2 protein chains.
Amino acid sequence: MYSRSEEDHIKAVHGLLEDAGQASTTGIAERLRTRASSVTDMLKKLAAKGMVRHTPYHGATLTTKGRRHALALVRRHRLWETFLVERLGFGWDEVHEVAEQLEHVSSGPLIERLDAYLGHPRFDPHGDPIPDAEGRMPERLTAPLTEAAVGVRHRLVAVKDGSDALLRLLDGKGLTLGRTFTLVARQEFDGSLQVGWKGGGCDLSAQVAAHLLTEPIDA
Amino acid sequence: MYSRSEEDHIKAVHGLLEDAGQASTTGIAERLRTRASSVTDMLKKLAAKGMVRHTPYHGATLTTKGRRHALALVRRHRLWETFLVERLGFGWDEVHEVAEQLEHVSSGPLIERLDAYLGHPRFDPHGDPIPDAEGRMPERLTAPLTEAAVGVRHRLVAVKDGSDALLRLLDGKGLTLGRTFTLVARQEFDGSLQVGWKGGGCDLSAQVAAHLLTEPIDA
DNA sequence: AACGATTTTTAGACATGTCTAATAATTGTT
DNA sequence: AACAATTATTAGACATGTCTAAAAATCGTT
């Protein structure tokens, strides 16, 4: 139905609207490692197909149809990433490329069965929310670690902006996404925050802690 | 590395060499639902890349490199089919299209992990052999049902030529691939053969029976 | 062995998606 | 408000993969 390239452009527009509130021609070109002129061509094409609204010299936005398709792509991408990590044992930092290919495999039944097989996960291994089949994003009760209640068990569910670099740094400290822990104390002692969990704990700079999103355990 | 279309042509050449012993331009065009002239173009291209030997007016054969790639594609296709049927619960007759897309996803680690996840299956849900990572096909100790020993437990492992129509007909009689049964008797009684299994059995025409490949249970 | 039918290749056209270079619009600064 | 810098679009080229129509080679018959 839609070519690989068309889908890549739709996803880029969607991502930029989320991240920056607007999708400029250059922005899209940078995401896709292509040229602005190529993007202009594609935006015209997608506008003709009713996926995108393109105001020349003022970037693009998604139509309802375009948004629906973008969310379907995000859904596919995140479900495949979940499969690759949880079932095939890949590291969360190894799966993006492959998921990028798998997300273009087009079959409704495939993705719905995969979703069921994985137990209808609501968040992917990076902590990003997985839209449901109708494009609805799951709600989250998260708060930055710096605002979480002391003495309560929490789960580390995501990192602000999904920074892989930060995620990697945390892995080194034994802090992985999905890990549960109890916040032992919060004190601006020399700009550091103590986090405790079963069998361990670590100190974090307040700056790092502000980027960590946690959720009370029962939620 | 190789485009979707290049891979489709390589697989078509491989399939025709297996089925018919030769791969003619028209034969390839029919498999791919394309035109002979397009195939000629692609054969020239693949010959230049060292995947295929193309003798003008005399069809194509695969080089060692081409055969290796073709077997890798067959491996991917059959592993994905196995995943779709055994894990996602698709019927064996629903998976071809999707596997056709999945087989072009290119990632060595992906396919080796998938293989391990599935328990290194040697045959796919259609009963077709799955080449290993080096392109070796598993051996089979099969014999047509009409030559199988009476009174011994057998497993139905494949159907000659992999005919989907025949497979479907058998499904109707309660005979599915992978089913085990004991051959109760073999007698040319009115051209029919009796097959018995736990809780049942059925009569088959001798003609149908000759197409069924069985394997002694322990093998 | 020659001829007609079939198969294959070549030649030239077209669609898609990309690029560079040139042009046009917008933006920020003075 | 005007101009330089930035950003976007257009124009024209090219690669890939496909097609139709025409020409060339092969095959099957007699």
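A note on names: the letters A, B, ... follow the listed sequences, proteins ahead of strands, and every chain is numbered from 1. These numbers were taken from a predicted model, which means no experiment stands behind them.
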Inset, instruction - Ignoring backbone atoms, establish whether A:K44 has a side-chain N or O less than 4.0 Å from OP1 or OP2 of D:dT10. - result: yes
Inset, instruction - Round to a whole Å and report the spacing from CG of B:L43 to P of C:dT10. - result: 11 Å
Inset, instruction - Tell me which residues in residues 50-58 of chain B put a heavy atom below 4.0 Å from DNA chain D, sorted by number, or none. - result: B:Y57, B:H58
Inset, instruction - Provide, to the nearest angstrom, the distance between the CE atom belonging to A:M42 and the C1' atom belonging to D:dT9. - result: 16 Å
Legend entry - 5' precedence on DNA chain C between A:H9 and B:G59 (nearest-nucleotide basis): B:G59
Legend entry - For B:T55, side-chain contact (heavy atoms from CB on, under 4.5 Å) partners two or more places apart: B:H58
Inset, instruction - Specify the separation, in whole Å, of atom OH of A:Y2 and atom P of C:dT16. - result: 15 Å
Inset, instruction - Indicate whether OP1 or OP2 belonging to C:dT16 is found under 4.0 Å from a side-chain N or O atom of A:S5. - result: no
Inset, instruction - Applying side-chain hydrogen bond (donor to acceptor under 3.5 Å, both in side chains), name anything that partners A:S5, two or more places apart in sequence or on another chain. - result: none
Inset, instruction - Tell me, with the steps shown, if B:R75 and B:E112 meet salt bridge (charged side-chain N to carboxylate O under 4.0 Å, His left out). - result: CA-CA 10 Å; B:R75 173 170 168 75; B:E112 295 321 311; 2.7 Å; yes
Inset, instruction - Tell me, please, which residues at least two apart from A:E139 pass side-chain contact (heavy atoms from CB on, under 4.5 Å). - result: none
Inset, instruction - Mark yes or no: A:R87 above the aromatic ring of A:Y117, with NZ or CZ under 6.0 Å from the six-membered ring centre and no more than 45 degrees from the axis. - result: yes
Inset, instruction - Applying side-chain contact (heavy atoms from CB on, under 4.5 Å), name anything that partners A:A70, two or more places apart in sequence or on another chain. - result: A:I10, A:H14, A:L62
Inset, instruction - Verify the contact: side-chain N or O of B:T40 to OP1 or OP2 of C:dT9, cut-off strictly under 4.0 Å; return yes or no. - result: yes
Inset, instruction - Starting at atom CD of B:E6, determine the distance to atom C1' of D:dA15, rounded to an integer number of angstrom. - result: 12 Å
Legend entry - Rounded interatomic separation in angstrom, taking CG from B:D41 and P from D:dA15: 15 Å
Legend entry - Partners passing side-chain hydrogen bond (donor to acceptor under 3.5 Å, both in side chains) against A:D93 (at least two apart in sequence or in another chain): A:R168
Inset, instruction - Figure out the CG/C1' separation between B:L32 and D:dT18, and round it to whole Å. - result: 12 Å
Legend entry - Integer-rounded Å distance: D:dA15 C1' and B:K49 NZ: 12 Å
Legend entry - Any B:S37 side-chain nitrogen or oxygen under 4.0 Å from OP1 or OP2 of D:dC19: no
Inset, instruction - Let me know the distance between CD of B:E7 and C1' of D:dT16, rounded to the nearest Å. - result: 16 Å
Legend entry - Side-chain N or O of A:T25 closer than 4.0 Å to phosphate OP1/OP2 of D:dT9: yes
